[in-house]
Amino acid sequence: MILKAASHICRELIHYVLLLLFFAAVGLGAAERPASAGIAAIRLGQIRTEGLESEDFIRSTQIYMTWAQIQPERDRFDWTLLHAGLDKALALRKPVMINVNLPAPEWLWDEVAWIKIHPKWPQNKQPQFWDPVYIEYHTDWIRRLAGEIGAYRNGAAVSWVLGVRVMPNGLNPENVDTGNHPADPAWDLPNTPGSWHYPPGYTAQNWRCKVPGTGAVTDAYMAAVMRAYLQAFEPLGIDCGFRAPKFNRMYGAAAMHALFENPLAMAIDTGCEAGVLEKSSYDRFPVMRHRCRIAGAPGYWEDYNHSAFTARYENPAADFYWRQLIKLDAGVSWSGTYGADLEKYRTHPGYRKAMDFFNKYAGCHNLPDQSPGAWLAFCDGEDLKDVEGRRVRDLSFFMKCSSPPENVHYSRNHSHAALSQEWYCARVDGVCSFDVAGDFAHSFSTGVQFRVTFKAEPDVDWVLKYRVASGSYTTAGAVSGIADGAGWCTKTFERTPRAPLFTGDQDLLIETVPPSAVTLHMMELLR
């Protein structure tokens, strides 16, 4: 058995190298805005969401199945849930993300040794992922899933499948670790490296299976599974969603860079969080931003089921709103959202605003000629960094603030704010300047709207100016202090310039009348 496993691992390592070479040879195709980009419903049919599936603001849905459901017996597959989901997708004319999750079927444990894992998933068992028998069962149902989708109504469903979420071990934890550190009492594992719980070469010092001597086992397994997904779904033209931040850590950055050269490699993640109590998105944001906005992979990022955490947040609507802005800045095209939050679209103006804004810009991060506008939301960004560790200040599309730091004073107000804008904003003294990306500015034809969201305060005056081809600034309009200081306002300036806009540095200026200072949330340019 050991010789057989070693032989299998050697074959997989060869396949792994060939896989990287294949990925490196594949180039990205021409980008177009996905028609379904926008709010994506998570597990919609399993939550009380009467009538939501047909709402226009929901652009895609999800088919959620478990391995145990689709393969209840070793030699029998049940595609009832898949067919029902595809039927609904065709009826709604909305694509679906397919997610096969835990638990694995009980018969599997008669074939493959299992490991009891963390109590957080009491219904789950961790297989010996390095076992060739397990690899064959795992990759077999991947091939069969693709075959069933391709055969459904003579391929009619293929164009309505948004993607297939890759589960490297076929189970929800989405990792190939055999557990946490052997000394961690939360895991029911023997503290004896070399036992049947651990892959060949596993030691207490090398417990993450990602170091020389043990990483080869993990890499060979991951190569087999990733290759199985891509080989099964590539002929159908269906994206395979790889959980980019987690795989980056487990699988290695070099392998992931090569993997994402495949145009059907979609970057997926879960747990987007912009709130003050949870910072998981701060760790996930750099990788998602790099994969989607910089490298151009399609992106799908799920929220937490946020309504379950409402009591922990001072302003859940503000948290939801800023999460959507974080995803847009990262270049994510689909924002996975649970039913409880989707329902708020009908009744809560804050949630509606957030979802409408995401739908308007989703999928346009690298498409200046297709974007409805450019925008910048003032955000301190001290917790948001790129993959190089540099601080990300302001969330934006095709626009940046170029004012000297002493003129812009960022604030983070986590009080019980009535409106979402109060979480992150900036107080501007004197002059605030903005640069518009050239490729976006050149895509304008005639008209433009300047839209500014600001805090209305007594005795605060400011004026907006814009640059035209001649290089001079033209006044777009002025705003005077509002006597009652009635909170946040949005003012739109309509202009139809005779000359092309934005031809130099500092394309827009906001000037305040000294000693006034205006508090800004967002600048937006609309066609």
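No experiment lies behind these values; they were computed from the predicted model shown.
Rounding to the nearest 0.5 Å gives a distance of 12.0 Å between CD1 of I98 and CG of D239. Here R93 contributes atom CZ and S159 contributes atom OG; the two are 7.5 Å apart, rounded to the nearest 0.5 Å. With rounding to the nearest 0.5 angstrom, the CZ atom of F440 is 7.0 Å from the CZ atom of F398. Between the CD1 atom of I142 and the CZ atom of R227 there is a distance of 10.5 Å, given to the nearest 0.5 Å. Rounding to the nearest 0.5 Å gives a distance of 5.0 Å between CZ of R284 and CZ of R243. L342 contributes atom CG, which lies 5.5 Å from atom CE of M355 (distance to the nearest 0.5 angstrom).
Of all heavy-atom pairs spanning G163 and I238, the tightest one is CA-CG2, 3.9 Å. Shortest non-hydrogen contact noted between W109 and A104 is CZ2-CB, 4.0 Å. Residues G299 and C292 come closest through the heavy atom pair CA-SG, 3.5 Å. For A244 against A267, the heavy-atom pair with the smallest separation is CB-CB, 4.0 Å. Between S333 and A362 the shortest heavy-atom distance is O-CB, 3.5 Å. Residue V96 comes nearest to A89 through the heavy atom pair CG1-CB, 3.6 Å, listed as atom of the first residue, atom of the second, then distance.
Using modelled atom types, one finds a donor on one side chain and an acceptor on the other under 3.5 Å when comparing D78 with T80. Of the N and O atoms on the side chains of S335 and W301, not one donor lies less than 3.5 Å from an acceptor on the other residue. Side-chain contact check for H365 and R33: no donor-acceptor pair (N or O, by modelled atom type) lies under 3.5 Å. No side-chain donor-acceptor contact under 3.5 Å links K94 and T61. Counted by atom type alone, S443 and R527 present one or more donor-acceptor pairs between their side chains at under 3.5 Å. In this structure, a donor-acceptor pair under 3.5 Å is absent between the side chains of E343 and H348.
Ring-plane geometry between F357 and Y361 is classed as tilted, the angle between the planes lying from 30 to 60 degrees on a 0 to 90 degree scale. Classification of the W67-W141 ring pair by plane angle, with boundaries at 30° and 60°, yields tilted.
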Is there a side chain to side chain contact (heavy atoms under 4.5 Å, CB included) between L145 and V100? Walk through the geometry before answering.
CA-CA 10 Å; L145 175 64; V100 180; 4.1 Å; yes
Using salt bridge (Lys or Arg N to Asp or Glu O under 4.0 Å), reason through D394 and K400 one step at a time and then give a plain yes or no.
CA-CA 8 Å; D394 301 334; K400 67 179 181 179; over 6 Å; no
Does the salt bridge (Lys or Arg N to Asp or Glu O under 4.0 Å) test come out yes or no for R144 and D140, once each step is laid out?
CA-CA 6 Å; R144 289 175 182 268; D140 180 59; 2.9 Å; yes
Give the intermediate values and the outcome of side chain to side chain contact (heavy atoms under 4.5 Å, CB included) for residues E148 and F77.
CA-CA 10 Å; E148 193 68 22; F77 286 81; over 6 Å; no
Apply salt bridge (Lys or Arg N to Asp or Glu O under 4.0 Å) to residues E53 and R59 and explain how you reach the verdict.
CA-CA 9 Å; E53 292 94 340; R59 303 294 171 81; over 6 Å; no
Apply salt bridge (Lys or Arg N to Asp or Glu O under 4.0 Å) to the pair K327 and E302, showing each step before the final yes or no.
CA-CA 10 Å; K327 290 189 213 181; E302 294 182 358; over 6 Å; no
Can V166 and I268 be said to form a side chain to side chain contact (heavy atoms under 4.5 Å, CB included), step by step?
CA-CA 9 Å; V166 173; I268 279 182; over 6 Å; no
CA sep, side-chain torsions, deciding dist, call: W322, H521, ring pair (Phe, Tyr, Trp, His ring centres under 6.0 Å):
CA-CA 12 Å; W322 281 99; H521 160 56; 5.5 Å; yes
Let's go through H442 and V436 carefully: what are the C-alpha distance in whole Å and the side-chain angles of both, what is the deciding distance for side chain to side chain contact (heavy atoms under 4.5 Å, CB included) to 0.1 Å, and is it a yes or a no?
CA-CA 10 Å; H442 295 154; V436 181; over 6 Å; no
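Distance alone, capped at 3.5 Å, places no donor-acceptor pair between the D131 side chain and the V112 backbone. Using modelled atom types, no side-chain atom of E234 and backbone atom of Q231 make a donor-acceptor pair closer than 3.5 Å. Not one N or O on the side chain of W375 forms a donor-acceptor pair closer than 3.5 Å with the backbone of L395. T139 places a side-chain N or O within donor-acceptor distance of the main-chain N or O of I135, the cut-off being under 3.5 Å. D329 places a side-chain N or O within 3.5 Å of a backbone atom of S396 that can act as its donor or acceptor partner. Panel note: side chain E111, backbone W107; no donor-acceptor pair is recorded below 3.5 Å.
Remark: of the listed residues Y351, Y345, F358, Y345 is the sole one forming a ring-ring contact (aromatic ring centres under 6.0 Å, His included) with F57.
Side chains of M97 and I63 form no contact here, defined as non-hydrogen atoms less than 4.5 Å apart. Within the 4.5 Å cutoff, no side-chain heavy atoms of L526 are placed close to those of V448. With a 4.5 Å cut-off on side-chain heavy atoms, R291 and M256 count as touching. Residues F242 and M266 have side chains not in contact (no heavy-atom distance under 4.5 Å, counting atoms from C-beta outward). Using a 4.5 Å heavy-atom threshold, the side chains of D303 and Q324 count as touching. Counting only heavy atoms from C-beta outward, the side chains of M288 and P245 approach each other to under 4.5 Å. Using a 4.5 Å heavy-atom cutoff, the side chains of I70 and M65 are in contact. For the pair E55 and L52, the minimum side-chain heavy-atom distance is below 4.5 Å.
Ion pairing of E136 with R143 is present here, as a side-chain N (NZ or NE/NH1/NH2) and a carboxylate O approach within less than 4.0 Å.
The environment of D56 atom CG is sparse: at most 12 non-hydrogen atoms of other residues, nucleotides or ligands sit within 6.0 angstrom.
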